[in-house]
Amino acid sequence: MSGSHGRSVRRRTFVLGATAAAGTAALAGTARAAAFGWSDDGSNYVVDTGANLVFKVSKTNGDLTSLVYRGTEYQGYGGMNSHIESGLGTSTVTVKQSGSTILISVAYGTLRHYYAARSGENNVYLWTDKADTSVSATRYILRVKKGLFLSDEPDSYAYTSSTVEASDVFAKSDGQTRSKHYSKLRVMDYDYIGWSGGGVGLWIVRSNHEKASGGPFYRSLLRHQSADGGGLYEILYYGQNQTEAQRFGLQGPYVIALTDGGAPSSALFPGTLTTSWADSLGMSGYVGASGRGKVAGVGISGRNTAYPYTVGLANSAAQYWGSARSSDGYFSIGGVLPGTYTLTVFKGELAVYTGSVTVTAGSTTTLNTIAVPSSNDPGNASAIWRIGDWNGTPGGFKNADLMTYAHPSDVRAASWTGNVVVGNNETASFPCYLWKDVNSGILVYFKLTAAQAAAAHTLRIGVTTAYANGRPQVTVNDAWTSAIPSPPTEPSTRSLTNGSYRGNNHTFTYSVPASAWKTDTGQYNVLRIDVVSGSGTTGYLSAGTAIDAIDLLA
């Protein structure tokens, strides 16, 4: 087929790896006649893994300057190498071999970065120790040569140069949108990302993200594809739609893995990978398995079994999470650094319980059954009507699924406007996002019985995030208008247009007096929801918010 720049390319398939797609490829590639070891070519340390992989690291700045697998160079595009953030300045780079392991250490100010190779493996193990904000973000980008893996997927922009927002959201000629931000996946949804084709798989297996920020539901860019080349990322702190302060310390390993086209070995996955071989390498901040503990809970009661539950641990130094078993809520979270953590139980993505737990190195902290109080789950409240589910996400609302991998202007999006009638497919008819300049003033029609209309009621609107302080003000039957609520604390960066609805879940409550309702039970009551804010610009970058659920309590 012909590429967008007139050159002939061979199309290759891609894979964006998720936990459920775990492969069975061997940890080490097929050995070839080569000696494991390193050399110095004057500009780089050159490491031969003794399998099918040879890579180079710059002695000047710690960039990965070459990644040759089975004789083919995969690293680099546009004259740029692979590196932390956008590259480091002059650094101190050293190398040492300890038996079957080679470690390259990079020191740049207070930052330390490491590359490790194991004899007979087609893997590069990476750790990053960020001590402060002297390096703005914590991101490693593996730059991949153009033409090797081509795809036309949500996180690509290989076939267009027409932008619809900033310089990183693109529109194809058919009206579909593409951006490196459109990964579809939360951190907990994937173990590895990359591409496969022509008998080669190139992957980054993520770390456990203990030093990242945002928890299990955080979304960020994972990879990109363009006419110039591709990029695979390990994002630990990106400063975009972040709900937590960044954490510091050693993070890793994350792994660059090359295969014969299959998925990387599950032995490399976070939660599975063991690195006792790294215990004696002297990496700054390294804590081996013996210096970590475990948390196990015998169960969670008070759950709504229609939803998945996740247990998260977090403090200022680290974060961890694990899924609760659907049958009884049992959970186990291992590899935890010692300390006291806030334990949060999430129904879907909505926090319904918080507590505290202390972890000690070398032992398991066992928790008795956690009881989630009924009042902690807003979905348990008796409602006259409810639009959506209280689960901390806009799932089920109009365009909700599409918005994790497309811009709101995408041709595939249903109209953002249109009124809603309770009892007539109301959740699927209600837009997942509301913007001041796009669809503010949406109307919801509903009827009340005489007894219901004779009483005051509480209206609740749950949101998952907001952009530019957008928040809902409501009017009922043009007879009563609420005060403008204070804005909740939310990330200040883009969210609704770059694939993320995740922020700080917040519930707005409005006490609607009985005088606001229609007394004729045959008439529809009309609720108008306006987005108000003094911030934002226009269109999809005007002030907006993402909806979790809306209900009128009995």
Side-chain angles (χ1 to χ4, degrees), residues 27-130 135 139-145 148 200 202 204 229 231-232 234 250-258 275 277-286:
L27 187 66
T30 303
R32 62 180 175 84
F36 173 71
W38 66 272
S39 59
D40 182 343
D41 71 2
S43 299
N44 307 277
Y45 291 122
V46 183
V47 177
D48 192 322
T49 67
N52 297 290
L53 177 63
V54 178
F55 65 92
K56 298 180 181 181
V57 175
S58 168
K59 294 167 56 180
T60 301
N61 57 17
D63 282 3
L64 181 71
T65 60
S66 177
L67 188 72
V68 175
Y69 178 66
R70 295 189 182 277
T72 299
E73 176 68 77
Y74 285 86
Q75 195 288 131
Y77 64 78
M80 295 181 287
N81 297 317
S82 303
H83 40 223
I84 289 291
E85 186 49 0
S86 297
L88 304 176
T90 300
S91 305
T92 300
V93 185
T94 59
V95 62
K96 68 177 180 179
Q97 182 170 344
S98 302
S100 58
T101 302
I102 294 171
L103 180 72
I104 297 177
S105 304
V106 182
Y108 174 76
T110 60
L111 184 140
R112 300 292 180 269
H113 182 67
Y114 304 95
Y115 301 88
R118 296 279 288 161
S119 177
E121 295 185 13
N122 293 314
N123 305 315
V124 184
Y125 298 85
L126 301 95
W127 285 263
T128 303
D129 183 8
K130 181 179 177 182
V135 175
R139 171 193 80 165
Y140 191 88
I141 176 172
L142 174 63
R143 302 185 191 273
V144 182
K145 283 189 173 297
L148 295 175
V200 174
L202 177 58
I204 284 186
L232 301 179
E234 168 77 336
L250 184 71
Q251 176 65 66
Y254 47 105
V255 186
I256 299 171
L258 289 112
T275 57
W277 50 266
D279 290 357
S280 60
L281 295 180
M283 289 184 288
S284 171
Y286 180 89

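This one's a predicted model, so the numbers in the text were calculated from it and none came from an experiment.
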Point to revise | Atom pair NE2/OG of His113 and Ser91 - distance to nearest 0.5 Å | key: 10.0 Å
Check your understanding: Is there a donor-acceptor contact under 3.5 Å from the side chain of Gln251 to the main chain of Pro253?
Key -> no
Point to revise | Thr49 and Glu121, any side-chain heavy atoms less than 4.5 Å apart | key: no
Check your understanding: With a 4.5 Å heavy-atom cut-off, do Tyr74 and Leu142 have their side chains touching?
Key -> no
Review point. If you measure from CG on Leu258 to CZ on Arg70, what distance do you get to the nearest 0.5 Å?
Key: 10.0 Å
Study note, to complete from the structure: Closest heavy-atom pair, Leu64 versus Tyr115, reported as atoms and distance to 0.1 Å, is N-OH, 3.5 Å
Practice item. Can you see which heavy atom on Tyr114 is nearest to which on Arg112, and at what distance? Key: OH-CB, 3.6 Å
Point to revise | Evaluation steps, side-chain contact (heavy atoms from CB on, under 4.5 Å), between Tyr108 and Val135 | key: CA-CA 9 Å; Tyr108 174 76; Val135 175; 4.2 Å; yes
Check your understanding: Is Arg143 reaching over with its side chain to a backbone N or O of Gly231, donor-acceptor style, under 3.5 angstrom?
Key -> no
Exercise for review: Drop me the distance from Leu281's CG to Leu103's CG, to the nearest 0.5 angstrom.
Suggested key: 5.5 Å
Practice item. Kindly indicate whether the side chain of Ile256, heavy atoms from C-beta on, has any atom under 4.5 Å from the side chain of Leu232. Key: no
Exercise for review: Report the distance from atom CZ of Arg118 to atom CD1 of Ile102, rounding to the nearest 0.5 Å.
Suggested key: 11.0 Å
Review point. Counting N and O atoms only, with roles assigned by atom type, does the side chain of Asn122 sit under 3.5 Å from a partner on the main chain of Asn52, one being a donor and the other an acceptor?
Key: yes
Check your understanding: Under a 4.5 Å cut-off applied to non-hydrogen side-chain atoms, are Leu202 and Leu67 in contact?
Key -> yes
Point to revise | Gap separating the CD atom of Gln75 from the CG atom of Leu148, nearest 0.5 angstrom | key: 11.5 Å
**Study point:** Least distance between heavy atoms, Ser66 atom then Glu73 atom
**Key:** OG-OE1, 2.6 Å
Practice item. Identify the heavy atoms of Ala117 and Val47 that sit nearest to each other, and give their distance. Key: CB-CG1, 3.7 Å
Review point. Do you know which two heavy atoms are closest between Ile141 and Tyr77, and how far apart they sit?
Key: CD1-OH, 4.0 Å
Exercise for review: Report the distance from atom NZ of Lys59 to atom OG1 of Thr65, rounding to the nearest 0.5 Å.
Suggested key: 11.5 Å
Point to revise | Heavy-atom closest contact (Leu88 atom, Asn61 atom, distance) | key: O-CB, 3.5 Å
Exercise for review: Among Tyr286, Tyr140, Phe55, Trp277, find the residue that satisfies the ring pair (Phe, Tyr, Trp, His ring centres under 6.0 Å) test when tested with Tyr125.
Suggested key: Trp277
